[in-house]
Amino acid sequence: MIPGREAGGEPLRAADKPGSAVVRDALGVGVAVGLSGFAFGVTSAGAGLTLLQSCALSLLVFTGASQFALVGALAAGGNPFTAAAGAFFLGTRNAFYGLRLSGLLGYRAAVRPFAAHWIIDETSAVALAQPDRRSARLGFTVTGLSLYALWNLTTLAGAMGAEALGDTDAWGLDAAGPAVFVALLAPMLKQVVERVAAGLAIVLLLVTMPLLPAGVPVLVAALAAPAVLCLEGRGGRTRTPDAGRAGAREAAAGDARETDARETDIREKDVREGDAR
């Protein structure tokens, strides 16, 4: 018998992941990242934001990298509009997560605006790692709820405790935000193109920081991604046309098969749950 197939030749589906395992993984992510809200609260207060402003950012914006980028630029004396532009640019990635999660989670139209507020790196990673829609919804909800609650509570604690800490620059807490962001980003850089883009972005950032106003180097560093993709596209055109087309067709076919198999599993799972009810 071919490995990975049943006796009848049909592909084996991954066993449903126990709900307890999903909750455990989701809580692990939510608690670990949620505690870093303390660093944001302290950094935000050190940048001159009031307690209300710091808490409002976490309640209404709720995307850590963008929040740290905003207060970091303000702390360095950057223009508020430039700082906001950099934060907005970083936050646009969540829109692409939403496109992918919309079909996977399958929420009703009335629920989607509320779910959209929780679409960030961590909730997306947990949801996309699940084998079926039920587990994806559970992972997304538990991660979002635990992370949102802890992030806001620790933001409040950090902003209130900033005065007791005294000079926040002396503690080096301004480095906590970038450190957390790098820790989240590094495991996602699996392909060579992604690593090259990240390396080029770091070089651009280090070169432009002494020369440009605060907040602008982040926008310049973002140009690394389209630059690397452009170079990769030119390099691909220099390869043998037939080989390139064959590779593209094979990759597209593989992606289509994987997507079809996953969507079929989700539909069959929904049918079985409906019959059980």
Review point. So, the side chain of Thr50 versus the backbone of Gln53: is there a donor-acceptor pair under 3.5 Å, distance only?
Key: yes
Point to revise | Nearest atoms (heavy-atom pairs only) where Val22 meets Ser135 | key: CG1-O, 3.6 Å
Point to revise | Any donor-acceptor pair under 3.5 Å from Thr143 side chain to Thr123 backbone | key: no
**Study point:** Polar side-chain atom of Arg137 near backbone of Gly106 as donor-acceptor pair, under 3.5 Å
**Key:** yes
Check your understanding: What's the verdict on side-chain contact (heavy atoms from CB on, under 4.5 Å) for Leu105 and Arg112, showing C-alpha distance, side-chain angles and the deciding distance?
Key -> CA-CA 10 Å; Leu105 299 176; Arg112 289 183 180 182; over 6 Å; no
Check your understanding: Looking only at heavy atoms, what is the nearest atom pair of Asn152 and Cys55, with distance?
Key -> OD1-O, 4.1 Å
Review point. Going through the distances and angles, do Tyr97 and Arg93 end up as a side-chain contact (heavy atoms from CB on, under 4.5 Å)?
Key: CA-CA 7 Å; Tyr97 293 152; Arg93 71 192 187 281; 4.2 Å; yes
Exercise for review: May I ask you to check whether Gln67 and Ser58 show a side-chain donor-acceptor distance below 3.5 Å?
Suggested key: yes
Check your understanding: Can you find a heavy atom in the side chain of Val228 that is under 4.5 Å from one in the side chain of Leu231?
Key -> no
Check your understanding: With under 30° as parallel and over 60° as perpendicular, where do the rings of His117 and Tyr148 fit, or are they tilted in between?
Key -> perpendicular
Point to revise | Donor-acceptor under 3.5 Å (Arg100 side chain, Leu128 main chain) | key: no
Exercise for review: Examine Leu200 and Val193 and state if one hydrophobic cluster contains both, with Ile, Leu, Val, Met, Phe, Trp and Tyr joined whenever side-chain heavy atoms are less than 4.5 Å apart.
Suggested key: yes
Exercise for review: Taking the side chain as every heavy atom from C-beta outward, state whether Leu51 and Leu156 have any pair of such atoms under 4.5 Å apart.
Suggested key: yes
Please tabulate, for the side chains in residues 69-77, all donor-acceptor contacts under 3.5 angstrom to protein atoms that are two or more places apart in sequence or on a different chain.
none

Revision key, fill the gap. Here the pair of heavy atoms bringing Ser36 nearest to Phe68 is O-CZ, 4.1 Å
Check your understanding: Thr155 side chain to Trp151 main-chain N or O, any donor-acceptor pair under 3.5 Å?
Key -> yes
Review point. Considering all heavy atoms of both residues, which atom of Ala87 and which atom of Ser66 are nearest to each other, and what is their separation?
Key: O-OG, 2.8 Å
Review point. Do Leu147 and Ile120 touch side chain to side chain, with heavy atoms closer than 4.5 Å?
Key: yes
Revision key, fill the gap. In short, Ser124 meets Leu101 closest at the heavy-atom pair OG-CD1, 3.5 Å
